[in-house]
Amino acid sequence: MTDMDSFRQEVRDWLEANCPESMRRPYGSEADLCWGGRNCQFQSEDQKLWLDRMAAKGWTVPSWPVEYGGGGLGRAQAKILKEEMARIHARPALESFGIAMLGPALLKFGSEELRQQHLPPIVRGEIRWAQGYSEPNAGSDLASLAARADDMGDHFNLNGCKVWTSYGDLGDCMFCLVRTDFEAKKHEGISFVLFDMTTPGVSTRPIKLISGKSPFTETLFENVRVEKDQVVGEVNQGWTVAKYLLTHEREMIAASGLSKAGAIPVSKRAVHILGTENGVLHNTMLRADIARFEVDARCLALTIERARDEVKAGASLGATSSMFKYYGTELNMRRYELLMAIGGNDALIWEGGESHDGTMPKSWLRTKGNSIEGGTSEIQLNIVAKRILGLPS
Ligand SMILES: Cc1cc2nc3c(=O)[nH]c(=O)nc-3n(C[C@H](O)[C@H](O)[C@H](O)COP(=O)(O)OP(=O)(O)OC[C@H]3O[C@@H](n4cnc5c(N)ncnc54)[C@H](O)[C@@H]3O)c2cc1C
């Protein structure tokens, strides 16, 4: 038996003993996912138990170093854990912008003090982070941001506003881009700062969407005190941190194109709802579309896998994340077009449908935002054209 075989057995035994039965079922909607945070409302005791057990092992973030609360697993071991969780349909114990976005930036650019302060609570799901990047006049052209942090000697004084803050009302803390040099070229006067959203002067206003939900806020700052030791990287060098974080954000969004652990594959759902004739779906067009989708999703998964190996071997993800983000979000939109087609009229029921609770049309509408968040599809295609294909501007 190799080391990896015995590790797989160890993982399998641990999951068997520790993953509650109800956490091994496909989740119905986003509400079933656990985002943690100070005000987290757990859906069930099992959900909390699952998070606590996974966090104690460091397996909410298996590849982060043990000294920051992570699992300290190598790439091969982390892959085994993922496979074993998928095998029993275990849900992810924790979804988190802290894990997917801030953590990698802190590991690369943060001081040791900042890592010690912020990474362990992220692993344990104690703090929920919100992203303060976009502003009313700074979306695709993010470097035009105007929220200003004036140097007051021992701290910064922050004024301005952010927009489209995902779950801004649920966030405990924010990682935020602010202007700290007002004379420098626009990319050179930006700093990347962290602060608690309960700091006096921070307020949020909900933004309602077509789906009827309001997952966004406007976030307003009026004389907010930001401590100087909460700058990630150097003052005025925040653009470098911001860009690095974006590559991780784009990788996270790209994963929306892949089958999520715990979600029912499209083909299985089709068989379940439509039934089969002689072992296959009757509608040949739909059958072909589903097959094409699942093959494309598998190709994306393998390509991302390969890129991760290359990163591990020293390559930078950089512009490749734009390619993944573009393709992954196109795939996720295709997934939901297929799910809507499979569901037929039922899939349109907004509230209290028999086969589902109205989450399907809302999730379908939500996928439209995939092509905008983390940088629009047009911006990703521009990056691919210039930085991967080497085409002229
Ligand atoms: C679901 C979702 C979640 C989000 N969450 C957050 C969050 O948590 N925090 C946060 O800070 N922001 C968040 N955003 C905001 C997001 O980052 C911005 O919406 C995005 O960067 C686009 O900016 P914009 O909306 O200002 O559009 P604009 O930049 O005004 O773009 C408008 C249109 O012009 C096109 N365009 C602009 N420039 C170019 C160009 N150079 N070449 C070709 N086409 C161009 C764009 O592609 C787009 O179609 C979120 C957005 C969505 C949809």
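Only this structure's heavy atoms are used, side chains among them; waters, hydrogens and symmetry mates stay out. Both ligands and their constituent atoms are indexed starting at 1 by order of listing.
In the vicinity of Asn382, heavy-atom distances shorter than 4.0 Å reach the ligand 1 atoms 40 (C), 41 (N), 42 (N), 43 (C). Listed by number with element, the atoms of ligand 1 under 4.0 Å from a non-hydrogen atom of Ile379 are 38 (N), 39 (C), 40 (C), 41 (N). Of all atoms in ligand 1, listed by their number and element, those nearer than 4.0 Å to a heavy atom of Arg366 are 1 (C). Against a heavy-atom cut-off of under 4.0 Å, Gly369 is close to the following atoms of ligand 1: 53 (C). Using a 4.0 Å cut-off to heavy atoms of Gln131, the atoms of ligand 1 that qualify are 7 (C), 8 (O), 9 (N), 10 (C), 11 (O).
Any N or O atom pair closer than 3.5 Å counts here, and Thr376 shares at least one such pair with ligand 1. Looking at ligand 1, you won't find any N or O of Glu373 less than 3.5 Å from one of its N or O atoms. The shortest N/O to N/O separation between Tyr133 and ligand 1 falls below 3.5 Å.
The nearest protein heavy atom to atom 13 (C) of ligand 1 is closer than 4.0 Å. Less than 4.0 angstrom separates atom 34 (O) of ligand 1 from none of the non-hydrogen atoms of the protein. Note that atom 2 (C) of ligand 1 has protein non-hydrogen atoms nearby, at separations under 4.0 angstrom. The presence of a protein heavy atom under 4.0 Å from atom 43 (C) of ligand 1 is confirmed.
Residue Phe97 places every heavy atom at 4.0 Å or more from ligand 1. Not a single heavy atom of Glu135 sits under 4.0 Å from any atom of ligand 1.
In the hydrophobic clustering of this structure, Val202 does not group with Leu145; members are Ile, Leu, Val, Met, Phe, Trp, Tyr whose side-chain heavy atoms approach within less than 4.5 Å, directly or through other members.
Side-chain atoms of Thr165 and Gln131 form no donor-acceptor pair, as typed in the model, at a separation below 3.5 Å. Defined by atom type and a distance below 3.5 Å, a donor-acceptor pair is present between the side-chain atoms of Glu337 and Trp364. Donor-acceptor pairing under 3.5 Å is recorded for the side chains of His118 and Gln230. A donor atom on one side chain and an acceptor atom on the other are found under 3.5 Å apart for Ser144 and Asp141.
Regarding atom 49 (O) of ligand 1, its nearest protein heavy-atom neighbour is Glu378 OE1, 3.6 Å. Ranking the protein heavy atoms by distance from atom 19 (O) of ligand 1 puts Ile372 CG2, 3.4 Å first. The nearest protein atom to atom 6 (C) of ligand 1, hydrogens excluded, is given as Trp164 O, 2.7 Å; this is a heavy-atom distance.
Aromatic ring orientation, Phe175 versus Tyr133: perpendicular (interplanar angle above 60°, classes split at 30° and 60°).
Of the heavy atoms in Asp141, none comes closer than 4.0 Å to ligand 1. Contacts with ligand 1 closer than 4.0 Å are made by side-chain heavy atoms of Phe216 only, the backbone lying farther away.
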Kindly determine whether Phe156 and Phe195 satisfy ring pair (Phe, Tyr, Trp, His ring centres under 6.0 Å), including the steps that lead there. CA-CA 11 Å; Phe156 288 109; Phe195 53 87; over 10 Å; no
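Residue nearest to atom 16 (C) of ligand 1, selected from Pro136, Ser393, Ser166, Ser134: Ser134 (by heavy-atom distance). For atom 28 (P) of ligand 1, the nearest non-hydrogen atom from the set Gly375, Ser140, Gly139 belongs to Ser140.
Lys48 meets the salt bridge (charged side-chain N to carboxylate O under 4.0 Å, His left out) test with Asp52; sequence neighbours excluded. Glu45 is linked by a salt bridge (charged side-chain N to carboxylate O under 4.0 Å, His left out) to nothing, counting only residues two or more places apart in sequence or in another chain.
In terms of heavy atoms, Thr60 sits closest to Val123 at OG1-O, 2.7 Å. Across all non-hydrogen atoms, the minimal contact from Gly374 to Ile253 is CA-CD1, 3.9 Å.
For Phe216 and Trp164, the ring centers are positioned less than 6.0 Å apart.
At most 12 heavy atoms of other shown residues, nucleotides or ligands fall within 6.0 angstrom of atom CD in Glu234.
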